[in-house]
*Asks:* 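So that we are looking at the same thing, I have put the structure below in structure tokens.
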Amino acid sequence: MGESQAGKTAEARQEVVTVLYLAGLGDGAVRLPDGQIVHVAGALPGETVRIEETRKGSWQLQAVLEAAPERVSPPCPLAETCGGCALQHMRTDALLDWKVQRATRALLSAGFDAVPQATTFQVAPHSRRRADLAVKRGATSMLIGLHERGTKTIVDMSTCLVLDPDILTLLPTLRTVLHSLQAIRREASLHINLLETGPDILLVTDAPLSAADRIRLAQMAEDYAIPRISWASTSNPEATETATQRAPVAQSIAGHTVTPPPGGFLQASATSEQAIQNAVMAALPTKMARRASVVELYAGCGTLTFPMAQRCQVSAYEGYASAWNALKAASGTARITAHHRDLNRQPVMAKELAQASAVVLDPPHAGARSQMEQIVRGLPTQVVYVSCNPAALSKDTALLAKAGYRLHAVTVIDQFLWSAETETVCDFRRESSRRSHSGPSRSG
């Protein structure tokens, strides 16, 4: 083979293409000359781009030849490498519009003939109160940050436009302190919830904490007013223990004081939590009869439970024991009955769901197929579904469409700014109020 031929063979394949649409992860979808659809990170719909094939057979953006009007310069210096934000090159108003389109397409695909115009909410930068970060031991300090997209490489988080500044200011100290710990041989994970009482930290490490480690963490907690630092092993991350605690840990929800478990789930920001609560409460009747009750599935620590209990009786189901304990302990005299139950293995049955004035559920990312099958057998008058995954939303609510529910209202909440994650609150209703022998009418 001649030198020119060898050089030609070594050249990466390139194509000039037009971007058709944004795919689910926020990548631009393009059609290759052979008809194949491939996804390219960093490309926006309508753009003419030059793309290049990688050695692994994927395609990457090589140049934007004609930019879309929605394109902006990424505001964060880590945008090109950090895997946390996939869409910083897109105007935030256009990003919210795209998320509305995602939710709308998901619901149309589920079988609903019409989707109401969505109410929308978008969080502000620097408002995220929850951080789940990767940790890796370096020569003189710890790398703390997020993985570069598609790799195991950690991008050290020197700045972030998403996180609350109070979390960012902790990172330099954490790098130093964690580097001194014997419990981290190579890697760890760090979970920070910014509660009303201060940062609540869960450290998951690849070796046990030594006595010296515990003293070091206690000193850091004292120096930086950290109420609680918890620990778990990577071999059993759910078995958490308190490494040090200097003050109570608390978060208020609708007038109730909750003690979240270590690493417990919180909505990404306080404002997005309020937006989700507002959408759910707007779906429920303003005035509910004294005997009216709501069945809540996947209740967590009570984000929706406590607001709803101000209006009606709530039977709240949660499978994660620590979250259920937190909910139960904070319920007090509220009109709440908290149940510990794995809803994927043991869903609430149709007979109970049929008696409810409404069923409200906020399932995990994979959805709630088993539970949805019981819902459409019970046929409650109203179902309010809170979704963090348009694909699961479409699959689950297709059952509601087949059962005769109509879509009454939709709220789309962009609580994960500059990412493809889409939060949706949907209000589904059946025209008939209640079957004759299924229990009391909705009016009670």
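What you see is a predicted model, and the numbers here were worked out from it, not measured in a lab. Scope of the values below: all heavy atoms of this structure, side chains included, with no hydrogens, waters or symmetry mates.
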*Asks:* So that I can tick it off, tell me whether K99 and D97 are bridged by a salt bridge, with the cut-off set at under 4.0 angstrom between side-chain N and carboxylate O.
*Replies:* no

*Asks:* Who passes side-chain hydrogen bond (donor to acceptor under 3.5 Å, both in side chains) against R91, sequence neighbours left out?
*Replies:*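 For R91 the side-chain hydrogen bond (donor to acceptor under 3.5 Å, both in side chains) partners, ignoring immediate neighbours, are D93.
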
*Asks:* Listed by chain and number, what are the ring-ring contact (aromatic ring centres under 6.0 Å, His included) partners of Y385, not counting sequence neighbours?
*Replies:*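 Applying ring-ring contact (aromatic ring centres under 6.0 Å, His included) to Y385 gives none.
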
*Asks:* Quick one: CE on M220 to OG1 on T244, what's the gap to the nearest 0.5 Å?
*Replies:*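 The CE atom of M220 sits 9.0 Å away from the OG1 atom of T244.
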
*Asks:* By side-chain hydrogen bond (donor to acceptor under 3.5 Å, both in side chains), which residues pair with R31, not counting sequence neighbours?
*Replies:* none

*Asks:* Does anything in residues 264-280 form a salt bridge (Lys or Arg N to Asp or Glu O under 4.0 Å)? List the pairs, not counting sequence neighbours.
*Replies:*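 Listed by first then second residue: R129-E273.
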
*Asks:* Got a sec, which pairs hit salt bridge (Lys or Arg N to Asp or Glu O under 4.0 Å) with one end in residues 179-198, sequence neighbours left out?
*Replies:*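 Found none.
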
*Asks:* Hey, can you pull the donor-acceptor pairs under 3.5 Å for the side chains in residues 363-373, sequence neighbours left out?
*Replies:*
| from | atom 1 | to | atom 2 | distance (Å) |
| --- | --- | --- | --- | --- |
| H365 | ND1 | N389 | ND2 | 3.3 |
| Q371 | OE1 | V348 | N | 2.9 |
| Q371 | NE2 | V348 | O | 2.9 |

*Asks:* Would you be so kind as to tabulate the donor-acceptor pairs closer than 3.5 Å made by side chains of residues 159-169, with sequence neighbours excluded?
*Replies:*
| from | atom 1 | to | atom 2 | distance (Å) |
| --- | --- | --- | --- | --- |
| D164 | OD1 | D166 | N | 2.8 |
| T169 | OG1 | P165 | O | 3.3 |
| T169 | OG1 | D166 | O | 3.1 |

*Asks:* With side-chain hydrogen bond (donor to acceptor under 3.5 Å, both in side chains) as the rule and sequence neighbours excluded, what pairs involving residues 136-149 come up?
*Replies:* D27-R149

*Asks:* Name all residues meeting the side-chain hydrogen bond (donor to acceptor under 3.5 Å, both in side chains) criterion together with Q182; count only those two or more places apart in sequence or in a different chain, and write none if there are none.
*Replies:*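 None.
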
*Asks:* I need the L304 CG to I276 CD1 distance, nearest 0.5 Å.
*Replies:*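 Separation between the atoms: 7.5 Å.
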
*Asks:* For a quick check under 3.5 Å, do T173 and T176 share a side-chain donor-acceptor pair by atom type?
*Replies:* no

*Asks:* Can you check whether F428 and F112 have ring centres sitting under 6.0 Å from each other?
*Replies:* yes

*Asks:* Between E318 and R341, does any side-chain N to carboxylate O distance fall below 4.0 Å?
*Replies:*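 So E318 does not pair with R341 through a salt bridge.
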
*Asks:* Output all residues satisfying side-chain hydrogen bond (donor to acceptor under 3.5 Å, both in side chains) with Q310, sequence neighbours left out; order by chain, then residue number.
*Replies:* none

*Asks:* Can you give me every donor-acceptor pair (side chain of residues 72-82, partner residue at least two apart or in another chain, under 3.5 Å) with its distance?
*Replies:*
| from | atom 1 | to | atom 2 | distance (Å) |
| --- | --- | --- | --- | --- |
| T81 | OG1 | L78 | O | 3.3 |

*Asks:* Nearest heavy-atom pair of P307 and I253: which atoms, and what distance?
*Replies:*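 Smallest interatomic distance, heavy atoms only, reads CD-CG2, 4.3 Å.
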
*Asks:* Please check if the side chain of E47 supplies one atom and the backbone of V49 the other of a donor-acceptor pair under 3.5 Å.
*Replies:*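 Side chain of E47 to backbone of V49, a donor-acceptor pair under 3.5 Å: no, none is there.
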
*Asks:* Not counting sequence neighbours, list each pair that qualifies as a side-chain hydrogen bond (donor to acceptor under 3.5 Å, both in side chains) and has a residue in residues 205-214.
*Replies:*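 Only T205-W231, S210-D213, R214-E241 qualify under side-chain hydrogen bond (donor to acceptor under 3.5 Å, both in side chains).
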
*Asks:* Return yes if some donor-acceptor pair links the side-chain N/O of S269 with the main-chain N/O of S127 below 3.5 Å, else return no.
*Replies:* no

*Asks:* Does R50 come within less than 4.0 Å of E52, counting only side-chain N to carboxylate O?
*Replies:*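 The answer is no: the pair does not qualify as a salt bridge.
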
*Asks:* In terms of side-chain heavy atoms, does T54 have a donor or acceptor partner in Q60 at a distance below 3.5 Å?
*Replies:*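 Checked: T54/Q60 side chains show no N/O donor-acceptor pair below 3.5 Å.
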
